[in-house]
Amino acid sequence: MADVTQKSPRRFRLRGVKFLGGVLVLYAVLFFWREAQTLTAMRFALEVLEEIVPILFVVVFLAGALHYWLDPKKLARHLGEDAGWHAWLIALGAGILSHGPMYAWYPMIEDLRRHGLRDGYITAFFYARAVKVPLLPMMVYYFGWFFTLFLSLYIVLAAWIQGLIVERIERRSGRCLWSKDAE
Amino acid sequence: MKSEKRSYRRSLKNATLGIVAILPMMLGIVGLVGIFRAFITREMLASLFTGEAVHDTLIGTFAGMIAVGQALVSYVLGGELLGQGVSLYAVAAFILAWVTLGVVQLPLEAEVFGVRFTLLRNLLAFLFTIVTAVVSVWSAQWLM
């Protein structure tokens, strides 16, 4: 995502153009091999696109509002180096409540990282997304109360432990794992 | 007030540019999701399971990794698999891997967050998916 910190604007650059080209070539090849299935694939892709467009709008407004209202220093204090247990609750709660495909949230998370969000919280956020509150009744119907209850609890616990592991690894290596400089 | 409005507009503009910047990558992922959904059918996924719990738990995790779609679909498919005699361990791993792991979105995740973070996060998610599935089934069976 382009930098939304107004103090340090980053040069705009489209990412993944070659990747998209590769996927289009793949579609062209598959079309000659399995025409009907490829058309179905295109229909599925359009369905996914319809699903994520509203989420992307939500992400844009959330990212814009977060940047406008939140002081980067405050955000760093709440979700950065000096953050405490409440930051874990925020990360886990946000993961549970977030909706739509994981990749729709990447731009906003990347933006928050630039404001100091720690990798451990991001790891916890992504795993906690496995708890789908609106789908819990469906899960109970298929797998029963006890299983649903334990699975949901253990997902949250697993998300937290993974976050702690990432934090520990980063602290030992003394650098941010996903920093471009670290690669 | 005027400057605040201008600043908010700028924040929105920058957030929009952020989305636009990764749009080619995101469209590529959406295209791949379409291909996976059309070419990897439910029947193909179901045929991977053998009825042996340990083997099926691993298969469930891998199948969940490559499958794409709404989480709801994984519950329905998981229910069907249970009905076919596949162990709850395998089904639990399958529905959990479906939402926490994704081969399709790996290129975008690596592009946005870096290769190291992506590898570590997915490795941890893979291991914890198996552990969480097994412990959840144990706990549920212990209470029942």
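Keep in mind that this is a model prediction, so the values were computed, not measured.
Expressed to the nearest 0.5 Å, how far CZ of A:R43 lies from CZ of B:R37 amounts to 8.5 Å. For the atom pair CG of B:L120 and CD1 of A:I169, the computed distance is 4.5 Å after rounding to the nearest 0.5 Å. Between B:Y75 atom OH and A:L136 atom CG the span is 6.5 Å, to the nearest 0.5 Å. Once rounded to the nearest 0.5 Å, the distance linking CG of B:L27 with CD1 of A:I52 reads 7.5 Å. Note that CH2 of B:W142 and CZ of A:F150 are 7.0 Å apart. Values are rounded to the nearest 0.5 Å. Between B:M25 atom CE and A:L14 atom CG the span is 11.5 Å, to the nearest 0.5 Å.
In this structure, chain B has heavy atoms under 4.5 Å from both the backbone and the side chain of A:L151. Interface residue A:T38: backbone and side-chain heavy atoms are both found under 4.5 Å from chain B.
A:I155 is not listed as a side-chain neighbour of B:F128, based on a closest heavy-atom distance of 4.5 Å or more. Considering only heavy atoms from C-beta on, A:F147 comes within 4.5 Å of B:S136 through its side chain. Within the 4.5 Å cutoff, the side chain of A:V23 has no heavy atoms near those of the B:I29 side chain. Looking only at side-chain heavy atoms (C-beta outward), A:F44 and B:V33 stay at 4.5 Å or farther from each other. Side-chain contact between A:Y154 and B:V134: absent, with no pair of heavy atoms (C-beta onward) separated by less than 4.5 Å. Residues B:Q105 and A:Y106 have side chains in contact (heavy-atom distance under 4.5 Å, counting atoms from C-beta outward). Residues B:V112 and A:R15 are in side-chain contact: their nearest non-hydrogen atoms beyond the backbone lie under 4.5 Å apart.
Note: B:T129 leads B:L23, B:V131, B:T129 in heavy-atom pairs under 4.5 Å with chain A. The candidate from B:L119, B:V76, B:L127 with the greatest count of non-hydrogen atom pairs under 4.5 Å with chain A is B:V76. Contact tally against chain A (heavy-atom pairs below 4.5 Å) for B:A71, B:S139, B:A133: the top residue is B:S139. In terms of heavy-atom pairs under 4.5 angstrom with chain A, the leader among B:T100, B:V91, B:L96 is B:T100.
The minimum heavy-atom distance between B:G31 and A:A45, with the atom names listed, is CA-CB, 4.3 Å. In plain terms, the two heavy atoms of B:T16 and A:V60 that are nearest each other are OG1-CG1, 3.5 Å. Taking both residues in full, the closest heavy atoms of B:I95 and A:M139 are given as CD1-CE, 3.7 Å, listed atom of the first, atom of the second, then distance. Here the closest heavy-atom approach between residue A:L20 and residue B:G28 is recorded as CD1-N, 3.6 Å.
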Check the pair A:F61 / B:L12 against side chain to side chain contact (heavy atoms under 4.5 Å, CB included), numbers first and verdict last. CA-CA 7 Å; A:F61 280 102; B:L12 273 182; 3.7 Å; yes
Report the C-alpha distance between A:F146 and B:V137 in whole Å, list the side-chain angles of each, state the deciding distance to 0.1 Å, and finish with yes or no for side chain to side chain contact (heavy atoms under 4.5 Å, CB included). CA-CA 9 Å; A:F146 289 130; B:V137 177; over 6 Å; no
Quick one: do A:F126 and B:F113 satisfy ring-ring contact (aromatic ring centres under 6.0 Å, His included)? Show the steps, please. CA-CA 13 Å; A:F126 281 141; B:F113 300 128; 5.7 Å; yes
Using the side chain to side chain contact (heavy atoms under 4.5 Å, CB included) rule, take B:L124 and A:Y127 through it: C-alpha gap first, then chi angles, then the decisive distance, then the call. CA-CA 10 Å; B:L124 285 173; A:Y127 203 82; over 6 Å; no
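No side-chain donor-acceptor contact under 3.5 Å links B:E109 and A:Y103.
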